[in-house]
Amino acid sequence: VQLQASGGGSVQTGGSLRLSCTASGRTFSSYAMGWFRQAPGKEREFVSAINWRDDSTYYRDSVKGRFTISRDNVKKMVYLQMNSLNPEDTAIYYCVSPTRAVTTAQYMAANPRSDKYWGQGTLVTVSS
């Protein structure tokens with residue numbers, strides 16, 4: 001399974017970015033997808049996830065109302081639209097997908113250490 005994230009960059013506070021992730025190596029439409037991030041000097045943390053069955057979504061509290069996750073099963077892509085960015089959002093963002101099809105987005109949100117595949121990450125820098 002390969003996950004390729006893109007779309008990172010540098011923006012000022014209040015700006016927007018859209019991250020994209022393409023997946024290959026298995027049936028994309030049968031798995032939840034998500035995003036994690038790792039800020040300098042901090043551990044990786046859950047950001048958002050989306051289920052494959054009903055597109056239900058989950059977010060960490062600090063990004064609710066600002067970030068939107070979506071997926072396109074035809075294109076095998078998952079997106080993270082990030083608005084109203086602030087310096088606390090500065091991090092490397094990773095596209096992820098659970099190793100097991102039964103793992104839901106809700107489970108990923110509640111169990112950030114659950115088994116998953118990781119992409120290579122894309123850097124987001126927000127300046128004040």
Side-chain angles (χ1 to χ4, degrees):
V1 176
Q2 292 187 329
L3 303 172
Q4 184 76 28
S6 61
S10 296
V11 297
Q12 292 188 328
T13 296
S16 298
L17 284 173
R18 188 195 194 203
L19 305 184
S20 300
C21 174
T22 181
S24 62
R26 64 182 185 182
T27 304
F28 177 83
S29 59
S30 297
Y31 292 84
M33 296 293 297
W35 293 90
F36 276 62
R37 68 186 181 186
Q38 185 169 21
K42 296 186 178 181
E43 293 187 353
R44 288 181 181 181
E45 62 183 19
F46 169 81
V47 177
S48 182
I50 184 169
N51 276 318
W52 67 268
R53 186 183 297 274
D54 59 4
D55 284 355
S56 52
T57 57
Y58 298 86
Y59 300 91
R60 69 179 300 105
D61 287 344
S62 62
V63 307
K64 286 180 180 177
R66 301 188 298 121
F67 290 12
T68 302
I69 190 171
S70 61
R71 64 189 294 159
D72 185 328
N73 288 337
V74 174
K75 295 182 178 179
K76 298 183 180 180
M77 298 284 291
V78 62
Y79 307 98
L80 186 68
Q81 177 66 43
M82 305 186 296
N83 299 327
S84 301
L85 286 162
N86 59 63
E88 289 69 40
D89 296 316
T90 294
I92 299 174
Y93 284 72
Y94 297 90
C95 176
V96 301
S97 187
T99 57
R100 301 175 64 203
V102 297
T103 301
T104 63
Q106 183 176 15
Y107 186 86
M108 290 173 59
N111 300 273
R113 296 184 181 276
S114 57
D115 291 341
K116 57 182 69 67
Y117 295 107
W118 295 80
Q120 88 290 357
T122 185
L123 178 62
V124 172
T125 303
V126 185
S127 58
S128 57

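Across all their heavy atoms, Arg60 and Phe46 have their closest contact at NH1-O, 2.6 Å. The nearest pair of heavy atoms linking Val78 to Ser70 is CG2-O, 3.2 Å. Contact record, Gly8 with Leu17: C-CD1, 4.5 Å, taken as the closest heavy-atom pair. Closest approach of Arg71 to Ala32, counting heavy atoms only: NH1-CA, 3.9 Å. The two residues Gln38 and Lys42 come nearest to each other via the heavy atoms NE2-O, 3.0 Å.
Between Glu43 and Arg113, at least one side-chain nitrogen of the basic residue sits less than 4.0 Å from a carboxylate oxygen of the acidic one, meeting the salt-bridge criterion.
Not a single donor-acceptor pair under 3.5 Å links the side chain of Gln4 to the backbone N or O of Gly119. Side chain of Asn86 to main chain of Glu88: a donor-acceptor pair is present (N/O by atom type, distance under 3.5 Å, no hydrogens or angles). A donor-acceptor pair under 3.5 Å is absent between the side-chain atoms of Ser84 and the main chain of Gly14, judged by distance alone.
Of the inter-residue distances, the one linking Thr90 atom OG1 with Leu123 atom CG reads 8.0 Å to the nearest 0.5 angstrom. In this structure, SG in Cys95 is found 11.0 Å from CZ in Phe36, a value given to the nearest 0.5 Å. Interatomic distance, Arg18 CZ to Leu80 CG, rounded to the nearest 0.5 Å: 10.0 Å. Considering CG of Asp55 and CD1 of Ile50, their distance stands at 4.5 Å, rounded to 0.5 Å.
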Requested in this report: Could you check Met82 against Leu19 for side-chain contact (heavy atoms from CB on, under 4.5 Å), going step by step and ending with a plain yes or no?
Outcome: CA-CA 8 Å; Met82 305 186 296; Leu19 305 184; 3.7 Å; yes
Query raised in the report: For Val96 and Met108, what are the C-alpha separation, side-chain angles and deciding distance, and is it a side-chain contact (heavy atoms from CB on, under 4.5 Å)?
Result: CA-CA 10 Å; Val96 301; Met108 290 173 59; 3.5 Å; yes
Report task. Kindly determine whether Asn83 and Ser16 satisfy side-chain hydrogen bond (donor to acceptor under 3.5 Å, both in side chains), including the steps that lead there. Result -> CA-CA 4 Å; Asn83 299 327; Ser16 298; 2.9 Å; yes
Query raised in the report: Tyr79 and Asp72: side-chain contact (heavy atoms from CB on, under 4.5 Å), yes or no, with the steps?
Result: CA-CA 8 Å; Tyr79 307 98; Asp72 185 328; 4.2 Å; yes
Report task. Report the C-alpha separation of Met33 and Leu3 in whole Å, then their side-chain angles, then the decisive distance to 0.1 Å, and conclude whether the side-chain contact (heavy atoms from CB on, under 4.5 Å) test is met. Result -> CA-CA 10 Å; Met33 296 293 297; Leu3 303 172; 4.0 Å; yes
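Within a 6.0 Å radius of CD in Gln12, no more than 12 heavy atoms belonging to other residues, nucleotides or ligands are found. The environment of CD in Gln106 is sparse: at most 12 heavy-atom neighbours from other residues, nucleotides or ligands sit within 6.0 Å.
Using the six-membered ring where Trp is involved, Tyr93 and Phe67 have ring planes that are tilted, between 30° and 60° apart.
Scanning for side chain to side chain contact (heavy atoms under 4.5 Å, CB included) contacts around Thr68 gives Tyr59, Gln81, with sequence neighbours left out.
Here the side chains of Asp89 and Arg66 are in contact, with some heavy-atom distance below 4.5 Å. Put simply, the side chain of Tyr58 reaches to within 4.5 Å of the side chain of Asn51, judged on heavy atoms.
The stretch residues 22-36 participates, sequence neighbours left out, in these side chain to side chain donor-acceptor pair (under 3.5 Å) pairs: Arg26-Ser97.
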